[in-house]
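All values reported here derive from a predicted model rather than from experimental measurement. Counting begins at 1 with the first residue of the sequence.
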Amino acid sequence: METESEPYVRLATLRQVHQVMADMNTARSLADTLQTVADGVVAGLGYELACVNLVRPDGDLVVAAFSGNPAAEALITGRVGSRDSWERRLAMGERWGDLVFIPHTEGWILDDDDVPQWYTDGPAPRFEDEWHPSDRLFAPMYTPGVQGSACGELIGVLSVDRPRNGRLPGAWGREALQMYAFQAAIAISNARLRANMQRALVRLEREQQALRASEESFRQAFEYAPSGMAIAEMGGDQHGRILRTNDALCRLLGRPASAMRRYSFSDLVHPEDIGTLLRTSAEGGRAELRLGRRDGSYVWVSLRNSVVADAADGPRFLLTHVEDIEERKRRELQLAHRASHDSLTGLPNSAELRSRLSARLCKRPAHAGALESTDAAYGHPAVHDANGHGFDFPGAAAYDAYDHHEHTVAPVEGARDDGAKGLAVLFCDLDGFKSINDRFGHNAGDAVLIEVARRLTRGVRDGDTVARLGGDEFVILADGLGRADAQDLAVRLRNEIIQPIRAEGRAVRVGASFGIGWAHCGMTADEVLKSADERMYVEKRSRPKQHRRAG
């Protein structure tokens, strides 16, 4: 800048300064802005060299732009000076407002620091106000809105070298450089902001593209999954309502998607499985239960739950994976049935009979009455309220199990039949069965056993149990009978059994002996069966041999 006419400044010079400042704010990128700042110092302020040192995130300063000498630009652009070295430079020398001038008489001590630098060759000054080749002039740039090193954040430093007129800048030149550094700081901050916004926009667009791709991937995985999937609401008045189902689930249940949106899974589950559904947690819960089809039938399915959110803090939805396990369940039920039922007759086997009988019996004697005892381990009385419910004390859980159990009792032996009912156990042993096996073979014997099982099953009530204990022994469990009822039942069943049976093309007959036992709490299943067995043998021995079978 021409300064020989100070304080009178030519209008052309002001226009030139105004233009370079305008150019700084029209640069498109941060790199363009930094280069424009450096070029403006040379073109508008009249210095031969200009360097923009930009503060990096780690605090050190990098040479980000250079103007005035291509050789110097190639040498020092991109080089880094430490923050400590720069702070030492900005703390020494003369303060020209916000500018820092370090004359050659002091600057020699900086020759060996790590700040990149370049000097313009030239003769030593002849006059006091001439520029020395080793003079240094710095214009710190601070965050916009705050000017001065005492406040604000340093974002960079403009370093300039040798005015073209060869003289130290006067008052106007100093003010112009200071104003330029202030405007450069604004332009650089704005460029950084634009760059950050552009990066954020690019990142947002990439995230949106990834989200759209993820949503499309989820949609395809949901829609075309080979097993059923459903999305339901979580929370609110419509909690559990199905919002969306895929084709596989609609096909599995025989219901259109529009109809599925009127239900929740609790509307579709089998009544016996509603408890299983309610106990299944939303996050990672699994359950096996039956869902209703449109035709009224039920299908066994495996449910797996997970919770998904619409956004980071958006609404939460329940994603349920529904897998058809009907075939597996059928095989499991078949295996369970084979394990608990006789393969020949299809009746419950000995293990199943004992299981059903044990389920009706507890260890507490039926005549024990109300519990009045002391928990020896803890010293707490076993107290029950008027409804028979135990209070909450250690050991009370064992008593509660009895209070909620309906005790099985037996009619009193030898007492008048006054309507007392109990669980009758009828032990049946076939008479003359061995001779059929010996005379006609095991196929005939098997046919007799199958027909006897059918007649026994036909002769009892729904809910009664007919089981094959083994060989030619059968057991009937009939609840709610008095002694006379049990005897009548035994007579009816015997009369059914003694009717002719077709076996291997011929008619054969077997007889039957019945022993009636009574189950009550305090007995084991084996004790009950032994009692009925003993009564059966008493009954068998009490009849003449010719009356034990019909032929």
Of all heavy-atom pairs between P163 and E48, which one has the smallest distance, and what is that distance?
O-OE2, 4.4 Å

May I ask you to decide if H270's main-chain N or O and D273's side chain share a donor-acceptor pair within less than 3.5 Å?
no

Going through the distances and angles, do L158 and V37 end up as a side chain to side chain contact (heavy atoms under 4.5 Å, CB included)?
CA-CA 9 Å; L158 278 175; V37 168; 3.7 Å; yes

Evaluate W131 against D161 for side chain to side chain contact (heavy atoms under 4.5 Å, CB included), listing each step before the verdict.
CA-CA 9 Å; W131 182 271; D161 188 32; 3.3 Å; yes

Whether N53 side chain and V157 backbone form a donor-acceptor pair below 3.5 Å
yes

I'd like to know if R212 and E216 make a salt bridge, using a cut-off of under 4.0 Å between side-chain N and carboxylate O.
no

So do the side chains of P140 and L154 get within less than 4.5 Å of each other, counting heavy atoms only?
yes

Could you list the residues that satisfy side-chain contact (heavy atoms from CB on, under 4.5 Å) with A31, not counting sequence neighbours?
S29

Nearest 0.5 Å please: distance from the CG atom of L30 over to the CG atom of L193.
11.0 Å

Is there a donor-acceptor contact under 3.5 Å from the side chain of R162 to the main chain of P133?
no

Find the distance between CD (Q35) and OG1 (T77) and round it off to the nearest 0.5 Å.
7.5 Å

Can you tell me how far CZ of R206 sits from CG of L201, rounded to the nearest 0.5 angstrom?
12.0 Å

Student check: side-chain heavy atoms of L353 and P348 closer than 4.5 Å:
no

On the six-membered ring of Y263, is R255 placed so that its NZ or CZ lies under 6.0 angstrom from the centre and within 45° of the ring axis?
yes

Are Y298 and P271 packed together at the side-chain level, in the sense that at least one heavy-atom pair is separated by less than 4.5 angstrom?
yes

Distance-only, no hydrogens or angles: does the R294 side chain make a donor-acceptor pair with backbone N or O of P256 under 3.5 Å?
no

Any side-chain heavy atom of V322 sitting closer than 4.5 Å to one from F265?
yes

So, for L361 and A525, which heavy atoms are closest and what is the spacing to 0.1 Å?
CD1-N, 4.2 Å

To the closest 0.5 Å, what do you measure between CZ (R251) and CZ (R293)?
13.0 Å

Give the C-alpha distance, both sets of side-chain angles, the deciding distance and a yes or no for side chain to side chain contact (heavy atoms under 4.5 Å, CB included) between T276 and R290.
CA-CA 10 Å; T276 302; R290 289 160 289 181; over 6 Å; no

Can you see whether F138 has R89 sitting over its ring - NZ or CZ less than 6.0 Å from the centre and within 45° of the normal?
no

Salt-bridge test for E326 and K329: reply yes if a basic N is under 4.0 Å from a carboxylate O, no otherwise.
no

Is there a donor-acceptor pair closer than 3.5 Å between any side-chain N or O of S355 and the backbone N or O of A351?
no

Minimum heavy-atom separation for R95 to L90, with atom names?
NH1-O, 2.9 Å

For residues G228 and N246, report the shortest heavy-atom separation together with the two atoms involved.
CA-OD1, 3.5 Å

Do T280 and L303 pass the side chain to side chain contact (heavy atoms under 4.5 Å, CB included) test, and can you show the C-alpha distance, the side-chain angles, and the key distance before you say yes or no?
CA-CA 9 Å; T280 305; L303 298 185; 5.7 Å; no

From E352 CD over to L357 CG, what is the distance, rounded to the nearest 0.5 angstrom?
11.5 Å

Do any N or O atoms from the side chain of R83 and from the backbone of G59 form a donor-acceptor pair under 3.5 angstrom?
yes

So H132 and P103, do their side chains get closer than 4.5 Å, heavy atoms only?
no

Under 3.5 Å, is there a donor on one side chain and an acceptor on the other for N305 and T320?
yes

Shortest non-hydrogen contact between A221 and M229, atoms and distance:
O-SD, 4.2 Å

Short N-O contact, R56 and D58, less than 4.0 angstrom
yes

State, yes or no, whether a side-chain contact exists between D135 and L168 at a heavy-atom distance under 4.5 Å.
yes

Check whether any side-chain heavy atom of V52 lies under 4.5 Å from a side-chain heavy atom of M141, and answer yes or no.
yes

ring-ring contact (aromatic ring centres under 6.0 Å, His included) against W96, all qualifying residues, sequence neighbours excluded
F101

Would you tell me whether D84 and S82 have side-chain atoms, one donor and one acceptor, within less than 3.5 Å of each other?
no

What's the shortest heavy-atom distance between L137 and P169, and which atoms?
CD2-CG, 4.1 Å

Are there over 12 heavy-atom neighbours, none belonging to R286, within less than 6.0 Å of that residue's CZ?
no

In terms of side-chain heavy atoms, does D267 have a donor or acceptor partner in S264 at a distance below 3.5 Å?
yes

For D98, is there any backbone N or O sitting under 3.5 Å from a side-chain donor or acceptor partner on Q178?
yes

Does N349 use its side chain to pair, donor to acceptor, with the backbone of A339 at less than 3.5 Å?
yes

Compare all side-chain heavy atoms of L291 with those of V269 and state whether any distance is below 4.5 angstrom.
yes

Pairing of R328 and E288 as salt bridge, 4.0 angstrom limit:
yes

Enclosure of M179 CE (heavy-atom neighbours >12, cutoff 6.0 Å):
no

Assess whether atom CD of E128 is packed by more than 12 heavy atoms of other residues, nucleotides or ligands within 6.0 Å.
no

How many angstroms lie between CG in L253 and CG in D324, if you round to the nearest 0.5 Å?
9.5 Å

